[in-house]
There are 2 protein chains.
Amino acid sequence: MDLTSEEIEKLGVETSFIQQLSIDCVIFGFHGEQLKVLLPKLRDIDNTWTLPGGYIFQKEGIDDAAQRILQERTGLRDIYLEQFGVFGKADRATAETMKKLMEGNSIRVKLGDWILKRFVSIGYYALVDFTEVVPRAGSFDETCDWYDMKQLPNLAFDHSEIIQKALENLQLMLDYKLVGFHLLPDAFTMKELQKLYETILDKPFRRDNFQRKMLSLGILERLEKKFTGAANKAPYTYRFKQRN
Amino acid sequence: MDLTSEEIEKLGVETSFIQQLSIDCVIFGFHGEQLKVLLPKLRDIDNTWTLPGGYIFQKEGIDDAAQRILQERTGLRDIYLEQFGVFGKADRATAETMKKLMEGNSIRVKLGDWILKRFVSIGYYALVDFTEVVPRAGSFDETCDWYDMKQLPNLAFDHSEIIQKALENLQLMLDYKLVGFHLLPDAFTMKELQKLYETILDKPFRRDNFQRKMLSLGILERLEKKFTGAANKAPYTYRFKQRN
DNA sequence: CCAAAAGTGTTAACTGTACACCCATGT
DNA sequence: ACATGGGTGTACAGTTAACACTTTTGG
């Protein structure tokens with residue numbers, strides 16, 4: 001959690017947050033032909049990462065809360081967000097595991113015991129342009145870095161399961177809502193888009209047919225060519241048409 | 001809410017339920033070629049219905065809580081349930097509207113003011129066999145009946161929006177997860193299945209091609225013919241193959 | 001000129017849609 | 001025999017997948 005001093009003060013007043021309800025965010029990025037997840041690592045806790053998360057103010061909508069939490073981590077505003085599930089098994093984060101996780105982190109425990117109660121968590125995933133993100137470690141964090149989706153570090157609670165569910169939902173929605181573009185820079189080549197699809201859906205596409213299919217959707221506009229210096233035909237770049 | 005006396009007593013202890021978090025259930029049924037929703041009407045409140053809902057015990061998983069709430073309403077166990085969204089706008093159920101709704105219902109208000117706080121609600125929808133349900137009005141309800149999806153009564157809060165979202169999710173998942181069978185009796189004719197699909201997706205299908213498509217999925221087993229007494233060829237009945 | 005990758009024309013395979021005919025059923 | 005609705009064969013159309021060829025780029 002990345003709390004301002006003002007927010008920490010508010011934490012003392014139990015009623016300022018909704019109790020026993022949290023938000024966990026899976027922040028997806030794409031870089032080096034790999035799908036990445038942004039994960040902070042709590043200080044003084046060995047070899048354990050958690051999803052960036054937070055709580056909901058009494059007068060705050062849950063989508064607003066998720067945007068606020070994401071802005072604290074990535075510095076970005078108006079992020080593409082999707083609410084994909086609620087995680088509320090009775091034993092998903094017991095007081096024991098929470099306490100264990102809190103060892104050595106005196107600040108949190110002082111805030112009161114409400115944080116040790118059983119929590120239900122709302123899962124959001126965010127799709128961000130990797131190149132635009134400046135990861136920010138919060139005041140309780142040791143680090144905040146990107147991790148390869150295929151080589152995730154050790155995750156606390158059920159956060160590993162939450163990431164898996166997020167990916168499944170993204171796979172299901174990729175064609176339906178055409179949201180992949182949020183993971184790429186403004187202008188991109190067809191090859192980059194294809195690699196993105198292949199990585200997310202974990203299956204290969206034929207270069208020729210992929211190109212035609214994407215162009216037939218009528219959502220791309222062709223920009224200028226991109227000269228890389230390679231000894232081959234320069235590819236066009238494309239941009240996602242916002243609205244026509 | 002259909003509370004037992006034991007549960008009402010527990011209500012006095014605020015900590016027995018998770019505060020400010022509720023579950024709302026959209027119970028879908030199919031009858032007379034129409035999609036139906038089971039809706040209780042609170043007593044002493046004029047012309048206003050609500051979704052059947054409830055709260056989550058401290059040591060209870062959210063799916064278990066939804067099953068419990070549904071069992072209280074329908075008498076059925078092991079209902080098909082899908083969690084389709086969370087409703088948490090800051091103003092979705094303010095203290096004012098809640099109080100207004102509570103006028104004349106002294107029992108609830110006596111339970112304490114925690115129920116007047118802002119709530120976040122987890123939306124589930126259930127698919128049940130209409131013929132197996134015995135609607136049960138809870139202790140706070142005047143009635144509990146099926147309503148036509150196309151002629152819903154006046155609904156409180158954002159419950160109308162919740163039902164709409166539930167339907168959209170059902171439409172999206174109908175082909176993907178093949179869940180329509182839960183809305184039909186164990187054995188059904190192809191025509192009944194077609195009418196179900198047409199009603200949910202709100203578009204017509206060709207009789208011949210629909211039949212072939214369903215059979216090609218390999219999930220139906222053909223049972224004996226159904227003789228209705230009509231002067232035409234008797235249709236086969238089918239059953240959904242559980243697993244092979 | 002050559003290798004490598006981009007872009008596109010053409011064809012084959014598949015899937016979905018439409019029309020047809022035959023079959024079973026009770027009057 | 002006839003009307004009615006069920007089941008299935010077949011042809012047509014549209015979509016998707018596969019193959020091939022041409023174009024562009026820098027060495």
Side-chain angles (χ1 to χ4, degrees), chain A residues 30 32-33 171-172 174-176 178 180-181 184-241, chain B residues 30 32-33 171-178 180-181 184-241:
Chain A
F30 186 68
E33 301 194 3
Q171 289 173 334
L172 196 65
L174 192 59
D175 283 317
Y176 178 63
L178 301 170
F181 308 97
L184 293 173
D186 209 54
F188 48 86
T189 65
M190 197 55 80
K191 184 162 202 163
E192 287 167 344
L193 186 60
Q194 183 181 339
K195 287 288 178 193
L196 174 65
Y197 269 70
E198 290 180 336
T199 304
I200 292 177
L201 299 176
D202 197 28
K203 68 176 178 187
F205 290 96
R206 287 186 64 95
R207 180 184 61 84
D208 48 3
N209 294 331
F210 183 84
Q211 165 132 338
R212 257 186 289 257
K213 176 151 191 181
M214 282 297 151
L215 292 178
S216 74
L217 295 172
I219 53 172
L220 297 181
E221 64 179 317
R222 181 172 279 181
L223 307 175
E224 72 283 0
K225 288 188 177 187
K226 181 186 177 187
F227 294 89
T228 60
N232 52 42
K233 190 170 177 177
Y236 290 104
T237 58
Y238 297 90
R239 175 161 50 192
F240 178 57
K241 277 186 202 168
Chain B
F30 186 66
E33 300 192 3
Q171 290 173 333
L172 197 65
M173 289 296 156
L174 192 58
D175 281 317
Y176 177 62
K177 289 193 177 180
L178 302 171
F181 309 97
L184 294 173
D186 207 56
F188 48 85
T189 66
M190 197 55 81
K191 183 163 205 165
E192 287 167 343
L193 186 60
Q194 185 182 340
K195 286 288 178 193
L196 174 65
Y197 268 70
E198 290 180 336
T199 305
I200 293 177
L201 300 175
D202 198 29
K203 68 177 179 188
F205 290 95
R206 290 186 63 92
R207 177 183 63 86
D208 47 3
N209 294 331
F210 182 83
Q211 165 131 341
R212 257 186 288 257
K213 176 151 189 180
M214 282 299 151
L215 292 179
S216 75
L217 295 173
I219 53 171
L220 297 181
E221 63 178 319
R222 183 172 277 179
L223 306 175
E224 73 283 0
K225 288 188 175 186
K226 181 185 176 187
F227 293 88
T228 61
N232 52 45
K233 190 171 177 177
Y236 290 104
T237 57
Y238 297 88
R239 176 163 48 193
F240 177 57
K241 276 188 204 168

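The chains referred to below are lettered A, B, ... by the order of the sequence lines, with proteins before strands, and numbering in each begins at 1.
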How are the rings of F205(B) and F210(B) set to each other: parallel, tilted or perpendicular (split at 30° and 60°)? tilted
Looking at L215(A), L223(A), D186(A), which hits side-chain contact (heavy atoms from CB on, under 4.5 Å) with Y238(A)? L215(A)
Sorted by number, residues from residues 186-194 of chain B placing a heavy atom under 4.0 Å from DNA chain D are K191(B)
d([atom1], [X]; [atom2], [N]) in whole Å:
X	N	atom1	atom2	value
K233(B)	dC21(C)	NZ	P	16 Å
L217(B)	dG16(C)	CG	C1'	14 Å
Y197(B)	dG16(C)	OH	P	14 Å
N232(A)	dA5(C)	CG	P	6 Å
Y236(B)	dT25(C)	OH	P	9 Å

Are the side chain of Q171(B) and the backbone of I200(B) linked by a donor-acceptor contact shorter than 3.5 Å? yes
Whichever of R206(A) and F227(A) has the more 5' nearest nucleotide on DNA chain D, that residue is R206(A)
Within-4.5 Å side-chain heavy-atom neighbours: F181(B) and L193(B): yes
Begin with the C-alpha distance, continue with both residues' side-chain angles, and end with the deciding distance and a verdict on side chain to side chain contact (heavy atoms under 4.5 Å, CB included) for M173(B) and L172(A). CA-CA 11 Å; M173(B) 289 296 156; L172(A) 196 65; 3.6 Å; yes
How far does CE of M190(B) sit from CZ of R222(B), to the nearest 0.5 angstrom? 7.5 Å
Spatial distance of atom OG1 (T237(A)) from atom NZ (K191(A)) [nearest 0.5 Å]: 16.0 Å
Would you please name every residue forming a side chain to side chain contact (heavy atoms under 4.5 Å, CB included) with E192(B), sequence neighbours left out? F188(B), T189(B), K226(B)
Nearest-nucleotide check on DNA chain C, R222(A) vs A231(A); residue mapping nearer the 5' end is A231(A)
With the threshold set at under 4.0 Å for non-hydrogen atoms, list the residues of residues 207-216 of chain A touching DNA chain C in residue-number order. R207(A), D208(A), Q211(A), R212(A)
